[in-house]
Amino acid sequence: MFNIPKTPKIAVIGLGYVGLPLAVEFGKLFDVVGFDINQGRINELRNGVDNTLEVSREQLCQATKLSYSNDENALEESNLYIVTVPTPIDDTHAPDLTPLRKASELVGRHIKDNDIVVFESTVYPGATEEVCIPIIEKISGLVFNQDFFAGYSPERINPGDKVNTLTKIIKITSGSTSEVADYVDEIYRKIIVAGTHKASSIKVAEAAKVIENTQRDLNIAVINEFAKIFNRLHIDTEEVLNAAGTKWNFLKFKPGLVGGHCISVDPYYLTYKAEEVGYRPEVILAGRRINDGMGEYVATQLVKKLSSRKIHIDEAKVLILGFTFKGDCPDVRNTKIIDIVRELQDFNMSVDVYDGWASAEEVKSEYGIELINDIEQGQYDGIVLAVDHNEFKEWGVEKLRAFGKTEHVLYDVKHVLTPKDADIRL
């Protein structure tokens with residue numbers, strides 16, 4: 001029998017782009033422990049600094065009931081555990097549930113009778129009850145839906161978005177019993193201004209999340225394919241999209257590189273589960289192949305244009321502007337800019353990468369790339385405007401071209417410039 005705790009003591013496990021905003025909002029109302037295994041992350045948050053730039057110092061100060069710890073003993077008094085760890089894919093595009101398994105083990109060591117664990121990490125339908133719950137049961141010795149309970153409320157954070165923030169996005173909620181579902185929904189409604197949508201089951205909530213980004217991935221994939229066709233026809237893709245967009249029901253997506261922690265990852269979680277139950281998805285995987293290949297496509301287009309200008313490819317020097325997976329955001333997880341860099345390096349080109357938003361230490365650690373701090377004028381055969389940071393938009397075409405040699409190619413991947421100002425646009 002589920003006895004509803006009147007005032008939850010919350011533990012948010014994982015303090016990244018998803019967990020920290022959640023911990024801060026709950027920390028305005030309830031006692032909250034923000035847990036992260038990264039001591040450096042805990043130290044910076046205790047000093048009022050969020051290097052992901054999702055939460056300001058002022059917002060951190062407003063969460064007066066929030067504390068931070070990397071000591072799991074701090075979780076002992078919690079009765080509501082919210083798991084917000086990453087769910088990446090491995091080199092074979094299979095789900096890597098290692099962080100989720102470790103978080104479930106952590107919860108299993110501390111969960112008690114009548115406690116609730118809510119997962120927010122994006123997973124395939126069934127993962128919560130098939131993977132996470134058995135781990136918790138085994139370690140805790142408790143029985144699911146008898147001694148402890150679960151919920152699933154998928155994250156919908158859009159990194160770098162200062163308009164569609166946590167409290168302004170409708171939250172999907174669910175629970176392992178009807179009573180738990182009601183309770184989880186009630187708790188989230190205390191912080192989500194936009195309201196909630198209570199799903200009928202945990203699996204429905206899991207599936208809803210994973211198809212959100214899969215649908216977006218497919219929409220971008222078809223636009224990327226359009227761009228490839230229009231480039232061969234010597235038609236500007238943006239002009240075509242603007243014209244088609246005058247119809248009320250045309251979906252206004254743009255071509256581009258699809259990276260980050262969600263859109264380029266989530267479809268593989270769904271296809272993994274589909275194949276496990278005997279269905280081979282075709283459209284989803286086709287979209288993934290197109291989007292995964294766009295970095296190579298951009299590099300190839302640049303090489304062709306350089307060659308047409310009689311610029312010697314071997315040992316040509318290229319400047320890549322931007323490395324994060326999206327504009328005005330420091331997140332470099334699963335950035336597809338690295339595909340452009342590596343492809344150009346395979347042509348024996350010298351590649352410099354500049355990005356004032358990205359952490360040089362993180363880029364070096366994760367990708368082996370040394371970001372440059374300053375850009376010399378007149379040095380580059382090719383300039384690739386790869387990310388639409390406002391900084392680059394403000395520079396304008398004259399400043400961008402000043403980085404190039406007398407004869408150079410300017411490639412506008414993000415449609416920042418007009419068609420006449422760029423030598424190539426995606």
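For the single chain, residues carry numbers from 1 onward in sequence order.
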Got a sec: does the [atom1] of [X] have more than 12 other heavy atoms crowding it under 6.0 Å?
X	atom1	answer
Glu276	CD	yes
Lys405	NZ	yes
Lys254	NZ	no
Gln62	CD	yes
Lys252	NZ	no
Asp374	CG	no
Ile424	CD1	yes
Arg401	CZ	yes

State whether the side chain of Asp381 and the backbone N or O of Ala316 hold a donor-acceptor pair below 3.5 Å, judged by distance alone. no
Does Asn390 offer a backbone N or O that forms a donor-acceptor pair with the side chain of Asp328 under 3.5 Å? yes
Regarding Arg41 and Asp50, does a basic nitrogen lie under 4.0 Å from an acidic carboxylate oxygen? yes
Taking the basic N atoms (NZ, or NE/NH1/NH2) and the acidic carboxylate oxygens, is any pair closer than 4.0 Å for Glu120 and Lys171? yes
Can a side-chain donor-acceptor contact be found between Glu361 and Ser359 if the only test is distance below 3.5 angstrom?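 A pair is found: one side chain offers a donor N or O, the other an acceptor, under 3.5 Å apart.
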Any luck finding a side-chain donor-acceptor pair between Asp36 and Asn70 under 3.5 Å?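 No, no side-chain donor-acceptor contact under 3.5 Å.
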Checking Glu212 against Arg156 for the salt bridge (Lys or Arg N to Asp or Glu O under 4.0 Å) test, could you report, in this order, the C-alpha distance in whole Å, the side-chain angles of both residues, the deciding distance, and whether it holds? CA-CA 9 Å; Glu212 288 176 13; Arg156 283 175 156 175; 2.5 Å; yes
Residue pair [X] / [Y]: nearest heavy atoms and the distance that separates them:
X	Y	value
Ile320	Ala386	CG2-CB, 4.1 Å
Ala181	Lys198	O-CD, 3.7 Å
Cys262	Glu155	SG-OE2, 3.4 Å
Ile133	Ala150	CD1-CB, 3.7 Å
Leu218	Ile284	CD2-CA, 3.8 Å

What pairs of residues pass the ring pair (Phe, Tyr, Trp, His ring centres under 6.0 Å) test when at least one of them lies in residues 244-279, not counting sequence neighbours? His93-Tyr268, Tyr124-Tyr272
Let me check something: any side-chain donor-acceptor pairs from residues 346-355 under 3.5 Å, sequence neighbours excluded? List them with distances.
| unit_1 | atom_1 | unit_2 | atom_2 | d |
| --- | --- | --- | --- | --- |
| Asn348 | ND2 | Asp314 | OD1 | 2.4 |
| Asp352 | OD2 | Tyr380 | OH | 2.7 |
| Tyr354 | OH | Glu391 | OE2 | 3.0 |
| Asp355 | OD1 | Trp357 | N | 2.8 |
| Asp355 | OD1 | Ala358 | N | 3.3 |
| Asp355 | OD1 | His389 | NE2 | 3.1 |
| Asp355 | OD2 | Phe323 | N | 2.5 |
| Asp355 | OD2 | Thr324 | N | 3.1 |
| Asp355 | OD2 | His389 | NE2 | 3.0 |

Sequence neighbours excluded, every pair satisfying side chain to side chain donor-acceptor pair (under 3.5 Å) that has a member inside residues 299-309: Arg309-Glu407, Arg309-Asp423
Give the intermediate values and the outcome of salt bridge (Lys or Arg N to Asp or Glu O under 4.0 Å) for residues Glu25 and Lys28. CA-CA 6 Å; Glu25 290 302 323; Lys28 297 174 183 178; 3.2 Å; yes
Do Tyr297 and Lys228 touch side chain to side chain, with heavy atoms closer than 4.5 Å?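 Side chain of Tyr297 against side chain of Lys228, heavy atoms only: contact under 4.5 Å found.
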Atom OG1 of Thr52 and atom CD of Glu54: how far apart are they, to the nearest 0.5 Å?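 Those atoms lie 5.0 Å apart.
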